[in-house]
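Okay, structure first, notes after.
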Amino acid sequence: MKPAVKVTITGAAGHIGYALVFRIASGAMFGPDQPVILRLLEIPQSMSSLSGVGMELEDCAFPLLHDIVMTDNPEIGFRGTDYAILIGAKPRSKGMERKDLITENAKIFSHQGKAINDHASRDVKVLVVGNPANTNALIAASNAPDLNKRQFTAMTRLDHNRAIGQLAGKTNSLVADIKRVTVWGNHSMTQFPHIDNCEIAGKPVYDLVSQDWAIDHFIPRVQRRGAEIIEARGLSSAASAADAIVDHMHDWALGTPEGDWVSMAIPSDGSYGIEEGLVYSYPVTCKDGNYEIVQGLDLDEFSVSRLKASQKELLEERAIIQDLLPG
Ligand code: NDP
């Protein structure tokens with residue numbers, strides 16, 4: 001049997017964490033032959049709740065789950081970890097401005113970046129989910145000088161999957177037949193779900209849907225899907241967010257299927273005119289634990305303006321937390 005990989009989850013007792021840990025332990029993230037050790041990190045006031053999650057994990061008797069560590073100490077939580085999934089973050093409270101939320105959460109992610117730098121495996125792969133995810137990933141990466149910034153990513157896979165779900169419903173197609181969807185930019189309302197390159201069962205997408213539908217219905221629906229779910233459930237999405245985390249890490253570690261790509265927010269290398277260093281969602285292919293941006297896609301004027309709008313928002317977020325970026 002392969003040696004177990006260590007997976008750290010912050011905010012593990014929260015809604016998303018609760019929907020996630022059982023799937024990782026069952027093998028959904030790294031496959032049925034890959035044992036895992038879960039290192040669950042929480043804040044002191046959530047440790048009691050976390051202990052209940054630990055009991056339930058034990059009660060599942062997952063053959064692939066070789067150990068569970070539960071702690072409120074980041075040094076222990078990140079020690080030797082191969083995969084770090086950063087979910088724990090403060091929710092926006094009543095009357096809180098976006099700027100206040102960014103500043104509050106930025107402190108959490110600068111500390112965690114330092115702890116990952118000092119204690120994690122040198123090959124650690126980091127996924128930031130806690131919002132504002134792209135900017136939090138930028139902060140964490142900037143506070144981990146001994147690691148490569150490319151090891152820090154943020155999640156736009158839920159937006160990507162939502163886009164596929166909408167297309168499948170509209171065209172009455174199978175999800176598996178839908179290829180080459182992209183979500184560009186920030187995980188926020190400025191994200192740009194983009195289907196110009198999409199194929200459904202080998203046909204160009206615009207044989208099946210109109211460009212007007214894409215602009216007037218599809219893009220806003222994907223952008224507002226989170227709010228739509230909160231309105232319906234009275235709670236934010238958790239199971240679908242956990243599922244997207246599984247997909248993101250699975251594909252990064254094990255690769256994307258031939259002929260398709262996924263969306264990941266990664267440090268920009270300047271591709272498509274986006275400022276280098278911003279954590280920006282691109283279409284990527286993954287192989288052997290690495291990712292590459294899909295190059296050479298044609299973007300019309302409308303698309304370029306959407307990419308720039310999301311970049312503008314990320315630059316504004318970065319300006320708010322500039323003092324937490326060393327150097
Ligand atoms: P959730 O598990 O529901 O969400 C956690 C974070 O994920 C939030 O920032 C949330 O952003 C974000 N998120 C990103 N994408 C999505 C999505 N598609 N749907 C929903 N959320 C998304 O929060 P809980 O409050 O249930 O749990 C948080 C846990 O984190 C708690 O157990 C708490 O103890 C811990 N925590 C840890 C902190 C730390 O590490 N220092 C600080 C504060 C809390 P958004 O709010 O925008 O939805």
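When a ligand or atom number is given, it counts from 1 through the structure's own listing order.
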Nearest protein heavy atom with distance in Å, relative to [atom]:
atom: atom 42 (C) of ligand 1; answer: I108 CD1, 3.6 Å
atom: atom 6 (C) of ligand 1; answer: I87 O, 3.2 Å
atom: atom 45 (P) of ligand 1; answer: N131 ND2, 3.6 Å
atom: atom 3 (O) of ligand 1; answer: H15 CB, 3.6 Å
atom: atom 33 (C) of ligand 1; answer: E42 OE1, 3.5 Å
atom: atom 29 (C) of ligand 1; answer: G11 CA, 3.6 Å
atom: atom 40 (O) of ligand 1; answer: Q112 NE2, 3.6 Å
atom: atom 17 (C) of ligand 1; answer: S237 OG, 3.5 Å

Strictly below 4.0 Å, N to O, side chains only: are R157 and D243 in salt-bridge contact?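 Salt bridge: no.
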Do NZ/NE/NH1/NH2 and the carboxylate oxygens of D159 and R225 come within less than 4.0 Å?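 Result for this pair is no, no salt bridge flagged.
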Atom [atom1] in [X], atom [atom2] in [Y]: separation rounded to 0.5 Å?
X: K312; Y: L307; atom1: NZ; atom2: CG; result: 15.0 Å
X: L50; Y: Q45; atom1: CG; atom2: CD; result: 12.5 Å
X: L147; Y: I116; atom1: CG; atom2: CD1; result: 8.0 Å
X: D72; Y: T10; atom1: CG; atom2: OG1; result: 13.0 Å

With no hydrogens and no angle check, just 3.5 Å: does a side-chain donor-acceptor pair link [X] and [Y]?
X: D196; Y: Y206; result: yes
X: S271; Y: D269; result: yes
X: E313; Y: T190; result: yes
X: H15; Y: S236; result: no
X: T71; Y: R79; result: no

Examine ligand 1 and decide if any of its atoms is less than 4.0 Å from a heavy atom belonging to [X].
X: Q45; value: no
X: A133; value: no
X: V129; value: yes
X: A238; value: no
X: H187; value: yes

So between [options], whose heavy atom ends up nearest [atom]?
atom: atom 38 (C) of ligand 1; options: I43, I229, I16; answer: I43
atom: atom 43 (C) of ligand 1; options: S46, A154, A89, A19; answer: A89
atom: atom 30 (O) of ligand 1; options: G88, A242, G226, G14; answer: G88

Ignoring hydrogens, tell whether any protein atom lies closer than 4.0 Å to atom 25 (O) of ligand 1; use the non-hydrogen atoms only.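 Flag for atom 25 (O) of ligand 1 set to false, no protein heavy atom closer than 4.0 Å.
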Show me which atoms of ligand 1 lie under 4.0 Å from any heavy atom of A13.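 Under 4.0 Å from A13, ligand 1 has these atoms: 32 (O).
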Below 4.0 angstrom from a heavy atom of L158, which ligand 1 atoms are there? Numbered from 1 as shown, please.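 Checking each atom against L158, I get 18 (N).
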State yes or no: are the ring centers of W184 and Y280 separated by less than 6.0 Å?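 No, ring centres 6.0 Å or more apart.
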